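Just so we're clear, the structure is a prediction, and the values are computed from it rather than from any experiment. Order of the sequence lines sets the chain letters (A, B, ...), proteins ahead of strands, with each chain counted from 1.
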Number of protein chains: 2
Amino acid sequence: MTAQPFPVSEIVASRRPHRKDAARNYDALLAAAREAFAEHGSEASLEDVARRAGVGIGTLYRNFPTRRHLFESVYAGEVNDLCRFAEEVTGQEPWEALASWLRRFVDYTVTKRAIREALDGESEIFLACRESMYAAGAPLFERAQGAGQARRDIAFDDLLRMVAGITATNFLDDAQRDRVLSVALDGVRAAR
Amino acid sequence: MTAQPFPVSEIVASRRPHRKDAARNYDALLAAAREAFAEHGSEASLEDVARRAGVGIGTLYRNFPTRRHLFESVYAGEVNDLCRFAEEVTGQEPWEALASWLRRFVDYTVTKRAIREALDGESEIFLACRESMYAAGAPLFERAQGAGQARRDIAFDDLLRMVAGITATNFLDDAQRDRVLSVALDGVRAAR
DNA sequence: ATTGAAACGGAGGGTTGCCTCCGCCACAGT
DNA sequence: ACTGTGGCGGAGGCAACCCTCCGTTTCAAT
């Protein structure tokens, strides 16, 4: 077992089938599931997912034996992207890097809806996702703290849940969501 | 049409039946619905609500012809309490009054879960609730702004949604929720 | 081109929830 | 106490969804 920085992608990608038609269906299912979960939460209808993907219900169950498998696959994919994004912000100033990364949540519709449940999920994959997100984000937070730009009396977990809560909420438009996120992040900045 | 400060209670209370057994069932249904909605969101099973209330499904539908009627009744009740609470905090300092009122959200499990949907709902009752909440809360916010204790570059609606998002999120415990809420509210305080 | 292995789709049986309808029962007014 | 009006509960028809199973189709290796 080699130490992977973000082991999540390995777990998930290994299940992608080899045959051409099968791989196409697998991708279509993931895309359809992402859509459906974003719209209806993790309780979305699996038959609806299959319909959206233009695929028989049997095909869905062959690729993802349970709802949990499907959900975790979608979720893990987004978490993985998010983790990789952390590498792209290391060039920025400490506070800016942290803020950029946190704002990235907003782009992940499934994660938004799921994060509240997932932060408490106890399956192997959810735990791996959590670990990955911490591995990716906590250093950014600590760097900002070290630079005197983020307050020291809260934990990274507090911060993550705060942002998750805000991004999971409906706003009038994206501008409002952004405004509110900025306000909340101002509360995280070190008092001057 | 007399101008009511909080017209919501009128709309809802008027539907309570007069006969003793009927009134008891009505109350039991509301209590059971509050519980069920808090647990499973506004999609909770109505048959489950009837079961919890120890009442036949027919009785539920007689009192609340649609799921929406039931949900709105529960929601309106909590909003109404919240509005009345605003009167109790007027003795406090401007910022403290606002903060106390906002923290009151945390106690309303249904409101918490529903607020995201309800803030965009367009039924008569949802609109009335929104109006009531604004009538109750906005003065507290404006008073804090007037006293130089709250920043002026955000709207009351922004604030409400921010708090709603945070309180609707799962936290490890109440202490964490409170901590996070404090951080976010620090962002609302006027910069010194 | 052939062919066997693998993937495909959807029929179908079971479950759960929605809502209506109606025979029975309890309350409140006399 | 009597009575009839209104409330009561839940059976039952309908729809959506879950998941399994299997006859048919498609792929890709030879």
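Straight-line distance from the CG atom of A:Leu29 to the C1' atom of C:dA7: 12 Å, rounded to whole Å. Atom-to-atom, CZ of B:Arg67 to C1' of C:dT20 comes out at 17 Å; the value is rounded to the nearest Å. C:dA6 atom P lies 15 Å from atom CG of A:Asn63, rounded to whole Å. The CD-P distance, from A:Glu47 to C:dG9, rounds to 14 Å in whole Å. The CG-P distance, from A:Leu46 to C:dT15, rounds to 19 Å in whole Å. Across the protein-nucleic acid pair, A:Tyr61 atom OH and C:dA7 atom C1' stand 18 Å apart, rounded to whole Å. Atom-to-atom, NE2 of B:His40 to C1' of C:dT16 comes out at 14 Å; the value is rounded to the nearest Å.
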Under 3.5 Å, side-chain donor or acceptor atoms of residues 171-178 of chain B against the rest of the protein: list the pairs with distances, not counting sequence neighbours.
from, atom 1, to, atom 2, distance (Å)
B:Asp173, OD1, B:Ala175, N, 3.2
B:Asp173, OD1, B:Gln176, N, 2.8
B:Gln176, OE1, B:Leu172, N, 2.8
B:Gln176, NE2, A:Asp157, OD2, 2.8
B:Gln176, NE2, A:Asp158, OD1, 2.7
B:Arg177, NH2, B:Thr169, O, 2.8
B:Asp178, OD1, B:Arg103, NH1, 2.9
B:Asp178, OD2, B:Arg103, NH1, 3.4

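For B:Arg62, the salt bridge (Lys or Arg N to Asp or Glu O under 4.0 Å) test picks out no residue, with sequence neighbours left out. When the side-chain hydrogen bond (donor to acceptor under 3.5 Å, both in side chains) test is applied to B:Ser45, no partner is found at least two apart in sequence or on another chain. For A:Glu88, the salt bridge (Lys or Arg N to Asp or Glu O under 4.0 Å) test picks out no residue, with sequence neighbours left out. Residues passing the salt bridge (Lys or Arg N to Asp or Glu O under 4.0 Å) test with A:Arg19, sequence neighbours excluded: A:Asp21. For B:Glu142, the side-chain hydrogen bond (donor to acceptor under 3.5 Å, both in side chains) test picks out no residue, with sequence neighbours left out. The salt bridge (Lys or Arg N to Asp or Glu O under 4.0 Å) check on A:Glu96 picks up nothing, with sequence neighbours excluded.
Look at A:Arg52 and A:Glu47 and you find no salt bridge, because none of the NZ, NE, NH1 or NH2 atoms lies under 4.0 Å from a carboxylate O. B:Asp27 and B:Arg16 are joined by a salt bridge, as a carboxylate oxygen and a charged side-chain nitrogen come within less than 4.0 angstrom of each other. By the 4.0 Å N-to-carboxylate-O rule, B:Arg151 lies close enough to A:Asp186 to be salt-bridged with it.
Bracketed by its first and final contacts, the part of DNA chain D lying under 4.0 Å from non-hydrogen atoms of chain A reaches from D:dC17 to D:dA28 in 5' to 3' order.
With axes fitted over five pairs at each extremity, the angle between the ends of the helix from C:dA1-D:dT30 to C:dT30-D:dA1 is 20° (10° resolution).
With A:Val49 as the fixed residue, the side chain to side chain contact (heavy atoms under 4.5 Å, CB included) test singles out one of A:Val74, A:Val55, A:Leu60: A:Leu60.
The ring-ring contact (aromatic ring centres under 6.0 Å, His included) pairs that include a residue from residues 28-51 of chain B are B:Phe37-B:Phe71, where partners are two or more places apart or lie in different chains.
Across residues 48-56 of chain A, A:Gly54, A:Val55, A:Gly56 each have a non-hydrogen atom less than 4.0 Å from an atom of DNA chain C (numbered order).
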Each nucleotide N or O in nucleotides 21-30 of chain C that has a protein N or O under 3.5 Å away: list the pair and distance.
from, atom 1, to, atom 2, distance (Å)
C:dA28, OP1, B:Lys20, N, 3.1

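If you find the closest nucleotide of DNA chain C to A:Ala22 and to B:Pro65, the one lying nearer the 5' end belongs to A:Ala22.
Put simply, the side chain of A:Phe156 does not reach to within 4.5 Å of the side chain of A:Leu140, judged on heavy atoms.
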